[in-house]
Amino acid sequence: MQKIIDAHIHLSERRDDALIRFARMNSLRYTLDELMGTMQRLGIEHGLLLSPPMQGASILPNDEIIRLCRRSGGKLAPVITVEPTPREVRAAIKLAEENKREVRAFKVRLGYVKASVESPVFSGFYDYAESQGLPVLFHTGDTAFSTGDLVRAHPLTLDGLANKREEMTIILCHFGNPWFEDTAELIYKHPNVYADISGLTTGQGVYAEKYSEWLARKISEAIYFAGNAEKVIFGTDYPVTRHSDALALVKKLDVDERDKEKILWQNAQRVFSL
Ligand SMILES: [Zn+2]
């Protein structure tokens, strides 16, 4: 069985989790037990766990993400979400320091928070991430709620940061959907910029199959443009996308089998030191 790493998973086991509506759409129980079972069945060796949004404007506290990871028997590694206030930035860095052996990356919720990527509130945190060699994941593209800010979530807003922070590993979540070409240019241009293919499909509409073909074409073309698949990382965004749909998307890519291996685990293993 081939190895797989899922670089984008959410979980809270709380009833006020705002992703429950996606879990329902996908007929998922959205529990640690279900997730562990599915990972085992599909040969997903490791996963990165990110805080889900909760009802209201908040997120699941990062220490609960660390606790859930501890219950996963070494399968899940925490990603610390950094919100744009001086207090939350300090708390995130402190938590990362205290859990250095476990924490694998940070996440910034562009498009959901009232700050842009180059907002000064993040600069101390970027210094820290850069100095520790910890990658930073950025939400990019379409937002899960209609209140999201697409201008701040646009992939091109990362170009300036990547220019200034050449030592920081930047990962664009969701390939900047629907701005696949802009993301292709960023991963081609910057040695330190990557993109994950998580959370691109949800539920089963009339055009679900056509849409998934369109996605496979867009991602394949981005790989042709970049000239290789070194910068593309697999993720599900569980419970937003079902594991079966996320894996079917990789299968549909019109690229070498060796490149699919890179996407499914090799790139993530290298980037997150898993
Ligand atoms: Zn996500």
Side-chain angles (χ1 to χ4, degrees), residues 4-14 16-26 28 30-32 34-35 38-39 44 46-55 57-62 64-66 68-69 72 76-84 92 103-113 117 135-150 152-155 158 170-180 183 194-203 215 219 232-243 245-247 249-250 268 271-272:
I4 303 169
I5 294 173
D6 182 351
H8 195 132
I9 303 169
H10 297 284
L11 189 70
S12 72
E13 296 202 318
R14 269 172 49 167
D16 53 342
D17 186 318
L19 298 184
I20 285 174
R21 74 180 177 96
F22 290 97
R24 287 212 183 101
M25 259 194 288
N26 288 323
L28 293 165
Y30 191 32
T31 60
L32 184 62
E34 178 189 65
L35 176 63
T38 306
M39 287 176 72
I44 302 178
H46 285 292
L48 294 186
L49 190 64
L50 288 63
S51 183
M54 308 306 278
Q55 254 127 53
S58 66
I59 56 160
L60 183 76
N62 285 307
E64 291 196 35
I65 285 297
I66 291 174
L68 282 164
C69 289
S72 74
L76 300 176
V79 172
I80 303 288
T81 299
V82 184
E83 299 282 89
V103 171
R104 282 289 171 273
F106 290 105
K107 162 96 186 279
V108 174
R109 300 189 310 137
L110 290 182
Y112 295 101
V113 292
V117 70
V136 184
L137 285 78
F138 291 92
H139 175 91
T140 55
D142 181 47
T143 52
F145 314 104
S146 60
T147 50
D149 184 337
L150 292 178
R152 282 177 168 147
H154 195 284
L158 273 305
I170 293 170
I171 295 149
L172 277 68
C173 301
H174 324 302
F175 226 93
N177 184 24
W179 297 292
F180 290 92
T183 302
Y194 295 74
D196 85 25
I197 55 170
S198 72
L200 294 171
T201 60
T202 198
L215 284 172
I219 296 163
V232 181
I233 293 175
F234 175 74
T236 57
D237 207 11
Y238 173 88
V240 176
T241 298
R242 278 188 300 244
H243 288 80
D245 292 337
L247 288 167
L249 176 60
V250 177
V271 170
F272 300 109

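Counting convention: from 1, in listed order, for ligands and their atoms alike. Computed from a predicted model, the values in this text were never measured in an experiment.
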Query raised in the report: Parallel, tilted or perpendicular: which describes the rings of F22 and F145, with under 30° parallel and over 60° perpendicular?
Result: perpendicular
Report task. Consider only side-chain N and O atoms of H174 and S198, and report whether a donor and an acceptor are under 3.5 Å apart. Result -> yes
Query raised in the report: Taking the Zn ion (ligand 1) as the center, what protein N, O or S atoms are found at less than 2.8 Å?
Result: H8 NE2, H10 NE2, D237 OD1
Query raised in the report: Applying the side-chain contact (heavy atoms from CB on, under 4.5 Å) test to I80, which of I65, I66, L50 qualifies?
Result: I66
Query - Given L137, V108, L110, the one that forms side-chain contact (heavy atoms from CB on, under 4.5 Å) with C173 - result: L137
Query - Under the salt bridge (Lys or Arg N to Asp or Glu O under 4.0 Å) test, residues paired with E13 that sit two or more places apart - result: R71
**Report entry** Name of the residue among D6, T201, T38, D245 meeting side-chain hydrogen bond (donor to acceptor under 3.5 Å, both in side chains) with T236
**Finding:** D6
